[in-house]
There are 2 protein chains.
Amino acid sequence: MKILSNGSAYGLRALLYLAAKGDTREFVSIGEISEQLDISFHFLTKVLQSLSQKDILVSYRGPNGGVALARAPETIRLSEVVLILEGEDYFEKCLLGLPGCGDQAPCPMHYRWKHWKASIRSEFESTTLADLKEPELLKHLRWAT
Amino acid sequence: MKILSNGSAYGLRALLYLAAKGDTREFVSIGEISEQLDISFHFLTKVLQSLSQKDILVSYRGPNGGVALARAPETIRLSEVVLILEGEDYFEKCLLGLPGCGDQAPCPMHYRWKHWKASIRSEFESTTLADLKEPELLKHLRWAT
DNA sequence: TTGTTTTAAGATTTAATAGTCTGAAAACTG
DNA sequence: CAGTTTTCAGACTATTAAATCTTAAAACAA
Ligand code: SF4
Ligand code: SF4
């Protein structure tokens with residue numbers, strides 16, 4: 001049961017790493033992040049690029065360059081990130097991946113599915129990076145986020 | 001947000017179709033199922049084969065052959081089917097797809113994730129084919145399950 | 001200016017999922 | 001028996017996701 005692609009997971013981990021570095025609004029190189037989190041540098045670069053294009057990150061080239069959160073962690077919702085990385089239709093997709101149905105034509109799983117999805121969606125929408133960056137938990141970021 | 005592969009979704013739809021056909025323990029050809037549910041015949045055949053090997057379906061070759069539920073719908077839990085089609089580690093997998101962590105080394109998402117997963121898992125484990133086969137809902141099986 | 005560090009952009013390769021096809025083997029029909 | 005219908009087994013192809021590689025562009029440093 002995997003609800004996020006690798007790319008989204010990498011993106012979230014990187015954002016949490018940045019949030020954990022504290023409020024110093026310095027740029028952190030993607031090299032450092034990829035090394036600390038043990039993620040392929042090139043792949044992570046691509047993922048973070050799409051976050052840079054969407055006002056989640058700002059980036060800066062050259063020595064001492066890197067990426068930084070574009071906004072305060074309190075204002076970056078997990079749902080935003082996921083919608084960018086998984087596609088805007090992320091929460092529209094069905095349990096069974098089928099189009100053309102819904103409340104008017106519910107399948108046997110419909111109401112259960114709808115309930116689960118709403119619950120997860122609401123958590124994603126109400127949780128920000130700041131909510132997740134307790135230092136205690138972030139110790140395990142390498143393996144765990 | 002898709003939590004099942006196409007193959008699993010097809011397998012579940014086919015099982016619900018069989019359950020909906022009623023208690024007549026006749027064999028239903030895969031051709032009929034694939035046609036009614038608009039699923040590739042050959043692909044569905046492969047999916048149903050793995051269910052036949054695991055005591056979910058029984059199959060019979062030749063004219064008037066096909067597949068039938070191996071047990072009463074009341075005894076076939078969704079979790080069984082999903083574990084067969086997605087792999088036994090389905091409920092072990094993490095939100096972020098990472099190994100080597102858990103309660104001892106929780107990541108920032110761990111407890112939320114654990115809660116969601118437990119809820120969905122428990123629904124899959126406590127729901128049987130019989131619970132889903134209300135005729136009202138099964139009208140829409142073609143598009144909707 | 002020349003060289004170094006870093007992100008940007010996109011082509012390319014690899015791996016996993018999804019789907020197709022072929023040739024059997026089992027069971028029936030006449 | 002020969003011919004038909006069906007599942008079985010596995011090779012094959014296609015599509016998508018994941019990861020890698022290459023070249024450029026921006027920024028700095030000496
Ligand atoms: S009816 Fe609901 S659960 Fe069923 S396939 Fe459609 S959207 Fe999904
Ligand atoms: S700590 Fe929990 S949520 Fe985080 S990566 Fe590990 S299993 Fe997943």
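Letters A, B, ... mirror the listed sequences (proteins, then strands); counts begin at 1. Computed over heavy atoms, backbone and side chain alike; hydrogens, waters and symmetry mates excluded.
- Between Tyr10(A) and Phe43(A), the ring planes are perpendicular. Angles over 60° get that label, and only those under 30° would be called parallel.
- In this structure, CG of Leu44(B) is placed 12 Å from P of dT20(C), rounded to the nearest angstrom.
- A salt bridge links Glu80(B) to Arg71(B): one of the charged nitrogens lies within less than 4.0 Å of a carboxylate oxygen.
- The interatomic distance linking Glu35(B) (CD) with dT6(D) (C1') rounds to 15 Å, in whole Å.
- Annotation: side chain of Leu15(A) is in contact with side chain of Leu51(A) (closest heavy-atom distance under 4.5 Å).
- Between Leu129(A) and the options Val81(A), Leu78(A), Thr75(A), a side chain to side chain contact (heavy atoms under 4.5 Å, CB included) holds for only Leu78(A).
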Nucleotides 7-18 of chain C: protein proximity per nucleotide (B base, S sugar-phosphate only, - neither; heavy atom, under 4.0 Å): BBB-B------S
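- Taking the six-membered ring where the residue is Trp, Phe124(B) and Tyr90(B) present tilted rings, their angle falling between 30° and 60°.
- Atom CG in Asn64(B) sits about 14 Å away from atom C1' in dT7(D), given to the nearest Å.
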